[in-house]
Amino acid sequence: MNPTVKLQTQTFNNVPTLPDSYVWSTTPSESPCLHSIDEKQVPPVVDIGDPSAFSLVRDACEKWGVFQAINHGIPLSLFQETEFEARRLFSLPTEQKQLVARLPEGFTGYGLVRISRNFPKLMWSECFGMIGSPVEHASQLWPQDHAKFWYMRKLVAVMLRSLGLTNEQDTKWFEPKNESDRAKCFLQLNSYPVCPDPDRAMGLAPHTDSSLFTLLYQGGINGLQVYDDGVGWVDVQPVEGALVVNVGDLMHIVSNGRFKSVLHRVVVNNTRHRISTAFFYLPPWDAKVSPLKKLVEFDHLPMYRQVTWKEYVETKSKDLSKALDSIRI
């Protein structure tokens with residue numbers, strides 16, 4: 001049994017004050033949740049059915065590294081059902097959740113978010129991870145209605161086409177070598193319980209995703225923030241039926257820095273239990289990652305050296321902030 005998991009899950013049960021191990025700031029001026037922004041400067045909402053969707057996605061990824069997708073074809077009811085099941089899971093007794101506790105170096109199961117080991121303080125959150133394809137996940141949750149999750153591939157296509165990648169050869173590096181190597185999606189259910197002192201706590205510490213990109217359903221409750229140079233931390237206000245699309249490190253690398261790997265975090269509140277669902281799109285473990293020749297402009301050299309996906313993930317697990325710099329040419 002993982003003692004860290006046990007400590008954390010017990011802490012969430014009707015705690016009147018924030019334990020010291022979860023305190024990220026000691027004075028209001030140091031609060032991780034305080035920020036000042038121009039409310040007009042927010043990540044865009046993109047209608048995937050719009051004829052100009054490709055250019056809108058490209059602009060959003062270059063400026064923000066994030067956008068909210070609407071009219072993506074996935075029924076809202078499916079995400080609502082996922083949230084309902086996630087709330088059931090996280091409301092289980094601690095002892096029962098620990099039966100599927102994630103191993104310290106593992107990806108699947110119940111526990112702390114994987115980046116927790118990179119920070120001195122604990123985060124006010126818990127998660128449950130599964131590896132497979134989004135369709136495999138959906139078929140387990142909705143045996144009669146999982147086919148609609150193939151619409152997620154539509155978002156994949158929009159992202160790649162916005163970069164000018166339009167044929168199979170362009171994305172061959174991202175495809176598995178055989179049918180047994182199709183575990184290209186990591187599904188994570190996130191729980192951010194009601195917090196007694198949210199201004200001094202952190203739901204999810206600042207970081208970038210290692211994935212090609214991440215699809216996130218927010219569940220209608222504020223919490224996600226992205227960082228923009230010159231502006232600061234910006235709230236990504238939930239839009240009904242929308243999926244938040246985050247550019248990850250992998251997309252940043254293959255686009256030769258053209259698409260921004262977005263720095264983001266999650267803050268908590270003292271009134272509502274927030275649940276989110278994230279799909280991280282990943283390449284095969286042995287995939288060789290580098291800027292694609294088609295995306296390196298004639299007057300620019302590649303910014304990053306080639307690295308296997310496994311090597312990059314292992315490097316980032318040791319130092320979240322320096323992984324990209326470590327492979328920069």
Contact check, side chains of Arg265 and Met202, non-hydrogen atoms, under 4.5 Å: yes
If you take all heavy atoms of Val66 and Val244, which pair is closest and at what distance? CG2-CG1, 3.6 Å
Side chains of Asp286 and Trp309: closer than 4.5 Å at any heavy-atom pair? no
Gap separating the CE atom of Met251 from the SG atom of Cys61, nearest 0.5 angstrom: 7.0 Å
Do the non-hydrogen side-chain atoms of Leu204 and Ile115 ever get within less than 4.5 Å of each other? yes
What pairs with Thr214 under side chain to side chain donor-acceptor pair (under 3.5 Å), at least two apart in sequence or on another chain? Asp209, Ser211
Quick one: ring pair (Phe, Tyr, Trp, His ring centres under 6.0 Å) partners of Phe119, sequence neighbours excluded? Trp24
Consider only side-chain heavy atoms of I, L, V, M, F, W and Y, link residues closer than 4.5 Å, and tell whether Ile70 and Ile74 are in one cluster. no
Output the distance between atom CD1 (Ile329) and atom CG (Leu301), rounded to the nearest 0.5 Å. 8.0 Å
Among residues at least two apart in sequence or on other chains, which ones pass side chain to side chain contact (heavy atoms under 4.5 Å, CB included) with Ala60? Pro44, Phe67
Determine whether a donor-acceptor pair (N or O, by modelled atom type, separation under 3.5 Å) exists between the side chain of Ser125 and the backbone of Gly203. yes
Excluding sequence neighbours, so at least two apart, what forms side chain to side chain donor-acceptor pair (under 3.5 Å) with Ser91? none
Taken in chain and number order and not counting sequence neighbours, the residues that satisfy side chain to side chain contact (heavy atoms under 4.5 Å, CB included) with Arg117 are Glu105, Arg114, Ser317
How would you list, by chain and number, every residue that makes a side chain to side chain donor-acceptor pair (under 3.5 Å) with Arg87, sequence neighbours excluded? Glu83
Do you know the tightest heavy-atom contact between Gly248 and Ser261? C-OG, 3.4 Å
Does Ile221 offer a backbone N or O that forms a donor-acceptor pair with the side chain of Arg274 under 3.5 Å? yes
For residues 46-64, which residue pairs qualify under salt bridge (charged side-chain N to carboxylate O under 4.0 Å, His left out), counting only residues two or more places apart or in two chains? Glu62-Arg258
Tyr312: partners by ring pair (Phe, Tyr, Trp, His ring centres under 6.0 Å), with sequence neighbours left out: none
Please enumerate all residues that pass side chain to side chain contact (heavy atoms under 4.5 Å, CB included) together with Val100, with sequence neighbours excluded. Tyr110, Phe128
Of Phe280, Trp285, Phe279, the one forming a ring-ring contact (aromatic ring centres under 6.0 Å, His included) with Phe186 is Phe280
Thr308 side chain vs Glu311 backbone, donor-acceptor pair below 3.5 Å: yes
Sidechain-backbone polar pair: Gln68 side chain, Gln237 backbone, donor-acceptor under 3.5 Å: yes
Measure the shortest side-chain to side-chain distance between Cys195 and Asn269 over non-hydrogen atoms and say whether it is less than 4.5 angstrom. no
Pairs in or reaching into residues 245-273: which pass ring-ring contact (aromatic ring centres under 6.0 Å, His included), with residues at least two apart or in two chains? His207-His264, His252-Tyr304
Under 4.5 Å between any side-chain heavy atoms of Thr108 and Leu103, yes or no? no
Any chance you could measure Asp199, atom CG, to Asp197, atom CG, to the nearest 0.5 Å? 6.5 Å
Between Ser116 and Asn118, is there a side-chain donor-acceptor contact under 3.5 Å, judged purely by atom types and distance? no
Are Leu112 and Leu92 linked, directly or through other ILVMFWY residues, by side chains that come within less than 4.5 angstrom of each other? no
Could you check whether Ser276 and Asn190, counting side-chain N and O atoms only, form a donor-acceptor pair closer than 3.5 Å? yes
So Leu250 and Val289, do their side chains get closer than 4.5 Å, heavy atoms only? yes
So do the side chains of Leu212 and Pro283 get within less than 4.5 Å of each other, counting heavy atoms only? no
Using modelled atom types only, decide if a donor and an acceptor are shared between the side chain of Lys288 and the backbone of Val307 within a distance under 3.5 Å. no
Counting distance only, does the side-chain N/O of Trp124 pair as donor-acceptor with the main-chain N or O of Tyr22 below 3.5 Å? no
Side-chain heavy atoms under 4.5 angstrom apart, residues restricted to Ile, Leu, Val, Met, Phe, Trp, Tyr: same cluster for Val113 and Leu320? yes
What salt bridge (charged side-chain N to carboxylate O under 4.0 Å, His left out) pairs are there with at least one residue in residues 242-255, not counting sequence neighbours? Asp249-Lys316
Given Trp64 and Asp228, is the side chain to side chain contact (heavy atoms under 4.5 Å, CB included) satisfied, shown in steps? CA-CA 7 Å; Trp64 288 96; Asp228 182 69; 3.6 Å; yes
Taking NZ, NE, NH1 and NH2 as the nitrogens, is one of them in Arg328 or Asp325 under 4.0 Å from a carboxylate oxygen of the other? no
Does the side chain of Pro19 come within less than 4.5 Å of Thr17's, by heavy atoms? no
Grouping I, L, V, M, F, W and Y whenever their side-chain heavy atoms are under 4.5 Å apart, do Leu224 and Val231 come out in a common cluster? yes
For Glu314, enumerate each residue passing the side chain to side chain contact (heavy atoms under 4.5 Å, CB included) test, keeping only those at least two apart in sequence or located in another chain. Lys310
Would you say Tyr192 ends up clustered with Val194 if hydrophobic residues are merged whenever their side chains have heavy atoms under 4.5 Å apart, either directly or through other cluster members? no
